[in-house]
Number of protein chains: 2
Amino acid sequence: MNDRSPVMELVHVLRAVTVEFDLLGAEFAARHGLHPTDVRALIHLLDAARKDIPATPGWLGRQMRLNSAGTTALVDRLERLELVRRTKDTADRRRVLLEVEEKATELGWSFFGPVIAEVVAVAEGFDTGELETVRGFLTAVLHSTQQARAT
Amino acid sequence: MNDRSPVMELVHVLRAVTVEFDLLGAEFAARHGLHPTDVRALIHLLDAARKDIPATPGWLGRQMRLNSAGTTALVDRLERLELVRRTKDTADRRRVLLEVEEKATELGWSFFGPVIAEVVAVAEGFDTGELETVRGFLTAVLHSTQQARAT
DNA sequence: GCGTAATATCTCGCTCACCGAGATTATCGC
DNA sequence: GCGATAATCTCGGTGAGCGAGATATTACGC
């Protein structure tokens, strides 16, 4: 596999994009006095809310690869910042549901807003078919790596 | 901006890919008894070596958004793990150059190898023009976000 | 050349994110 | 009901990263 092959270029740029997004998250976190982990958690929680997946501490911990102690600490932090609220699940009273506060969605938009604007601006230069190609490729990579990680 | 618009789908999948890559890094780190930060540092150092950019603690700290104390601790860790070597710069003797050991490149390949294999497999289903479209799009997003972060 | 400012790195003390182990509380199958 | 299982939380400890400041080397103004 040549270092200059088209596919290797793709790998490099993909990696560079993830590094860049990480740094964006870290800077956003620092600017708002929270930790990169909190931003990552926020992303997962907003994602869950968007997809109507019930979010619990256990679920969040699995997403973030944190153990239960770390997860409790994380949720404590988020609750203290008034970004989430703990509520008991009436069906299974062992469970605690995490509900994102409005403050959290606002924070989420102020993080993603600029990113979305960037991507929208870039997308201007591509036609619908091309964007569909990009989306298809990224989706395939996503599923492929998720698959690989699960094994 | 509709949540189901093609561009928003792209944003979501891009974000999902970065989350997935983060998790890959974290799991790789855990499996090798090091920290996600160490893996990130390794990526930056191997990148620098590949591009013939001289890597110093200061440079690495800027890439990672660590302050000097944290950077020193990081380099200490990497040196203890025999992944990098500190050498004095003869031109500017205030500076310390970080040279990656062979062990580090091996570790890098064992991390990227599987990822590359995934991307290569996915790329099979796309022709050269399509891959070029994807690469162009990601490169544009990369530059655009780098630009935005600098301001 | 000489003193001063700027630059690169490191040291010290501290905070707190995260882990391992285990306690607590609630649910389910028998 | 009772043991097994599951979800969450508590406690104690480790160490990554920060702020402040020390040290060493180089660049600049005179």
Side-chain angles (χ1 to χ4, degrees), chain A residues 22-23 25-45 48 53-81 83-99, chain B residues 22-23 25-45 48 53-81 83-99:
Chain A
D22 272 4
L23 289 174
E27 284 194 2
F28 179 82
R31 198 160 49 238
H32 287 80
L34 23 86
H35 304 264
T37 304
D38 301 342
V39 175
R40 286 179 53 213
L42 205 55
I43 289 173
H44 282 293
L45 289 172
I53 295 172
T56 66
W59 175 87
L60 181 61
R62 279 189 296 279
Q63 303 299 310
M64 310 267 307
R65 257 72 195 171
L66 289 183
N67 76 356
S68 63
T71 304
T72 299
L74 168 63
V75 176
D76 284 348
R77 276 200 310 277
L78 295 177
E79 204 168 35
R80 205 174 320 124
L81 293 167
L83 296 175
V84 304
R85 203 177 37 243
R86 275 190 245 234
T87 57
K88 285 229 174 290
D89 187 342
T90 49
D92 182 344
R93 299 224 318 285
R94 289 173 307 183
R95 308 177 102 207
V96 168
L97 295 178
L98 301 177
E99 295 176 4
Chain B
D22 272 4
L23 288 174
E27 284 195 1
F28 179 82
R31 198 159 49 238
H32 287 81
L34 26 86
H35 303 265
T37 304
D38 301 341
V39 175
R40 287 180 51 215
L42 205 55
I43 290 173
H44 281 293
L45 289 173
I53 295 172
T56 66
W59 174 87
L60 182 61
R62 279 189 298 276
Q63 303 299 310
M64 311 266 307
R65 257 74 193 170
L66 290 181
N67 76 357
S68 63
T71 304
T72 299
L74 168 63
V75 176
D76 284 349
R77 275 200 312 276
L78 295 177
E79 203 168 35
R80 206 175 320 124
L81 292 166
L83 296 175
V84 304
R85 202 177 38 242
R86 275 190 246 236
T87 56
K88 285 228 173 293
D89 187 342
T90 49
D92 183 343
R93 298 223 320 284
R94 290 172 305 183
R95 307 176 104 208
V96 168
L97 295 177
L98 301 176
E99 295 175 5

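Just so it is clear, the structure is predicted and the values come from calculations on it, not from any experiment. The basis for the numbers below is simple: all heavy atoms, side chains too, and nothing from hydrogens, waters or symmetry mates. Numbers restart at 1 for each chain; the letters A, B, ... are given by sequence-line order, proteins then strands.
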Student: Name the first nucleotide and the last nucleotide along DNA chain D (5' to 3') that come under 4.0 Å of a heavy atom in chain B.
Tutor: D:dA16 to D:dT26
Student: I'd like to know whether A:L98 forms a side chain to side chain contact (heavy atoms under 4.5 Å, CB included) with A:W59, so could you lay out the CA-CA distance, the side-chain angles of the two residues, the decisive distance to 0.1 Å, and finally the verdict.
Tutor: CA-CA 10 Å; A:L98 301 177; A:W59 175 87; over 6 Å; no
Student: How does protein reach along nucleotides 1-12 of chain C, written 5' to 3' as B (base within reach of a heavy atom under 4.0 Å), S (only sugar-phosphate), or - (no contact)?
Tutor: -----BBSSBBB
Student: Kindly say whether B:R86 contributes a backbone atom to a donor-acceptor pair with the side chain of B:E79 at under 3.5 angstrom?
Tutor: yes
Student: Who pairs with B:D89 by side chain to side chain donor-acceptor pair (under 3.5 Å), at least two apart in sequence or on another chain?
Tutor: none
Student: Kindly indicate whether the side chain of B:L83, heavy atoms from C-beta on, has any atom under 4.5 Å from the side chain of B:L34.
Tutor: yes
Student: How sharply is the helix from C:dG1-D:dC30 to C:dC30-D:dG1 bent, taking the axes over five pairs at either end and rounding to 10 degrees?
Tutor: 30°
Student: Ignoring hydrogens, what is the shortest heavy-atom contact between B:R40 and B:M64? Give both atom names and the distance.
Tutor: NH2-O, 3.8 Å
Student: Can you find a heavy atom in the side chain of B:T72 that is under 4.5 Å from one in the side chain of B:D76?
Tutor: yes
Student: Which is more 5' along DNA chain C, the nucleotide nearest A:R77 or the one nearest A:T90? Just name the residue.
Tutor: A:R77
Student: List the atom of B:V39, the atom of B:A29, and the distance in Å for their closest heavy-atom pair.
Tutor: CG2-CB, 3.6 Å
Student: On DNA chain C, nearest-nucleotide positions of A:D89 versus A:L74: which is more 5'?
Tutor: A:L74
Student: Ignoring backbone atoms, test whether A:R65 places a side-chain nitrogen or oxygen under 4.0 Å from the OP1 or OP2 oxygen of C:dC19.
Tutor: no
Student: Nearest heavy-atom pair of B:P54 and B:L97: which atoms, and what distance?
Tutor: CB-CD2, 4.4 Å
Student: Over how many whole Å does the gap from A:D38 atom CG to C:dC16 atom P extend?
Tutor: 13 Å
Student: Looking at C:dC19, I'd like to know if its phosphate oxygens (OP1 or OP2) sit under 4.0 Å from a side-chain N or O belonging to A:N67.
Tutor: yes
Student: Under the rule for side chain to side chain donor-acceptor pair (under 3.5 Å), what residues qualify as partners of A:N67, not counting sequence neighbours?
Tutor: none
Student: May I have the distance from A:H35 (atom NE2) to C:dC16 (atom P), rounded to whole angstrom?
Tutor: 8 Å
Student: Could you check if a side-chain atom of A:R77 sits within less than 4.5 angstrom of a side-chain atom of A:L74, using non-hydrogen atoms only?
Tutor: yes
Student: Can you name the side-chain contact (heavy atoms from CB on, under 4.5 Å) partners of B:S68, sequence neighbours left out?
Tutor: none
